[in-house]
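The structure appears right after this line, and notes come after that.
Both counts, for ligands and for their atoms, begin at 1 and track the order of listing. Since this is a predicted model, take the numbers as computed values, not measurements.
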Amino acid sequence: MTSLVLLALYCVGARALSLVEEMKTQELFLSSLGLPERAPSGSRQTRRPVPSALWRMFRRSENPQARESEPCTVSEYGVRGNIIRYVQDQGRLVSGWSSSCQLCLEKQLFFNMSVLQPVELLSLAQLEIKFHWKQVLQGHRAISVSLYKVVRATLRGTDPHANRRLLLVQSVQLQLESSTIAMDLTSLAESWRKPGHNYGLVLELLPLGAKLEELVPFYPGNLLPLEPTLSLPTIQASLVAVSLNPHQCRSRQRRSAVHLPVTPSNVCKARRLYIDFKDVGWQDWIIAPQGYMANYCHGECPFPLSESLNGTNHAILQTLVHSLDPQGTPQPSCVPIHLSPISMLYYDNNDNVVLRHYQDMVVNECGCR
Ligand SMILES: *[C@@H]1O[C@H](CO)[C@@H](O)[C@H](O)[C@H]1NC(C)=O
Ligand SMILES: *[C@@H]1O[C@H](CO)[C@@H](O)[C@H](O)[C@H]1NC(C)=O
């Protein structure tokens with residue numbers, strides 16, 4: 001279905017396709033990608049880079065052997081799935097003194113789980129928090145990191161701790177290379193999918209073994225006239241969500257790469273067609289591949305139908321009738337009979353980076369039907 005839409009888009013070309021038709025075709029394809037509206041065409045520079053783990057998985061998924069072995073399984077995480085999203089954190093940094101802990105720096109974390117479609121089964125949600133210091137404060141080797149889940153909205157003037165449940169306390173070394181904390185949050189993330197159930201998380205950072213005077217430069221508060229000598233850590237949080245769309249998980253055998261001959265012939269067969277995503281205006285949100293060999297079917301299904309044309313019994317009879325009455329009955333059509341999937345890495349409407357496997361994107365074989 002999707003490849004046919006793409007083919008229609010490509011074959012008709014910008015010349016003949018009206019703007020309305022083009023928009024409709026694109027909408028159809030995008031909704032099959034799970035993007036109900038067209039992804040914003042923001043510039044690449046303002047978007048965050050693709051996590052290196054996702055690049056590795058994308059390259060691996062391009063290897064046909066790796067794909068065939070375990071369809072709809074993400075072996076990197078050992079779970080079922082055909083969609084991997086890096087859901088971006090949208091929480092604020094409450095810089096300066098936290099209301100509940102005098103020496104703490106507080107960061108809210110919020111992951112919008114409505115990017116998952118209701119049909120998707122969540123297999124894994126792993127929180128990854130990366131800390132990065134530009135400069136290390138003398139004498140302080142570590143910070144204590146506490147992670148809380150927020151169970152209900154906090155009203156002004158109430159103790160925020162009453163609405164929090166501690167999930168994790170861990171100390172993180174202060175070092176110039178970044179440090180990462182990872183934690184499995186699958187069941188919590190599943191509960192966030194229900195509307196009105198996501199109050200997010202709170203992260204508290206406390207430098208260990210520090211005195212208040214020494215900490216002053218650590219915070220960029222307006223309370224004190226000192227220039228901060230230590231820049232705050234950059235905190236980058238993502239929720240790696242692996243999910244399975246069961247409707248897009250048929251067995252996907254992939255034949256070895258199709259090398260189609262370029263010999264001209266009028267008989268039904270697969271023809272080479274490279275679709276460049278630039279040509280259809282999708283280069284802004286599809287990260288990789290830049291294009292791919294989609295191919296298409298074209299040609300006649302003449303009488304007598306030879307075996308190589310992969311005709312059905314019905315098609316064999318139809319060619320016979322056509323040969324007797326060419327005006328009254330058309331030839332059978334030359335159509336795809338075997339298609340194969342590709343993997344795509346793209347930005348969704350919330351600028352999350354997503355790796356997803358799409359079926360029926362490449363024509364491998366044609367037949368008369
Ligand atoms: C979450 O994302 C959905 C769909 O993109 C959007 O409609 C909604 O407003 C977002 N919610 C929040 C709290 O940002
Ligand atoms: C028919 O199928 C065979 C393999 O089953 C394939 O080699 C051949 O190219 C197909 N015919 C066409 C017209 O694609």
Side-chain angles (χ1 to χ4, degrees), residues 3-4 7 27 30-31 33-42 47 83 85-92 108-120 122 125 150 152-154 189-202 237-239 241 243 253-273 285 293-316 318-319 331-340 346-354 360 362-369:
S3 58
L4 292 182
L7 285 179
E27 260 169 42
L30 292 176
S31 72
L33 295 190
L35 297 170
E37 284 148 47
R38 189 181 174 143
S41 50
R47 287 171 156 169
I83 308 165
R85 291 184 175 84
Y86 268 65
V87 183
Q88 284 199 87
D89 163 41
Q90 296 174 345
R92 296 185 299 140
Q108 296 177 346
L109 302 179
F110 180 81
F111 302 99
N112 189 341
M113 294 301 285
S114 61
V115 292
L116 272 78
Q117 294 175 290
V119 65
E120 292 175 31
L122 182 67
V150 182
R152 64 185 93 85
T154 304
E190 181 62 51
S191 76
W192 286 342
R193 296 180 70 183
K194 285 183 235 127
H197 282 68
N198 187 353
Y199 296 108
L201 304 164
V202 172
S238 314
L239 193 70
S243 61
Q253 309 114 6
R254 186 176 166 132
R255 316 268 159 108
S256 50
V258 218
H259 294 293
L260 300 172
V262 278
T263 48
S265 156
N266 289 333
V267 178
C268 172
K269 66 172 185 190
R271 320 271 166 159
R272 293 158 73 95
L273 166 64
W285 60 276
M293 199 54 94
N295 305 328
Y296 68 99
C297 296
H298 181 73
E300 292 191 37
C301 294
F303 175 80
L305 210 54
S306 72
E307 207 166 309
S308 69
L309 292 179
N310 301 312
T312 52
N313 288 339
H314 178 271
I316 292 166
Q318 190 176 333
T319 49
Q331 271 188 352
S333 308
C334 176
V335 296
I337 59 168
H338 184 258
L339 296 136
S340 60
Y346 63 91
Y347 291 106
D348 72 6
N349 290 338
N350 282 9
D351 269 359
N352 302 314
V353 183
V354 184
D360 299 345
V362 178
V363 171
N364 291 4
E365 283 165 24
C366 304
C368 293
R369 296 290 143 105

Student check: side-chain heavy atoms of F111 and D89 closer than 4.5 Å: yes
Which of the ligand 2 atoms, numbered from 1, are nearer than 4.0 Å to a heavy atom of S308: 1 (C), 10 (C), 11 (N), 12 (C), 13 (C)
Residue pair W192 / L239, side-chain heavy-atom distance below 4.5 Å: yes
Candidate with minimal heavy-atom separation from atom 10 (C) of ligand 1, of N350, N112, N198: N112
Heavy-atom pair of closest approach, residues D348 and R85: OD2-NE, 4.4 Å
Contact with ligand 1 for N349, non-hydrogen, under 4.0 angstrom: no
Side-chain donor/acceptor of Q88 to backbone N/O of D351, under 3.5 Å: yes
Close-contact set for ligand 1 against S114 heavy atoms, below 4.0 Å: 1 (C), 2 (O), 3 (C), 4 (C)
Under 3.5 Å: N/O of K269 near N/O of ligand 2: no
Contact bool for atom 5 (O) of ligand 1 (protein heavy atom, d < 4.0 Å): yes
Flag side-chain contact, heavy atom, 4.5 Å: Y347 against N352: no
G367 touching ligand 2 at heavy-atom level, < 4.0 angstrom: no
Where Q331 and P302 come nearest, the two heavy atoms and their spacing: NE2-CA, 3.6 Å
Min N/O separation C366 to ligand 2 under 3.5 Å: yes
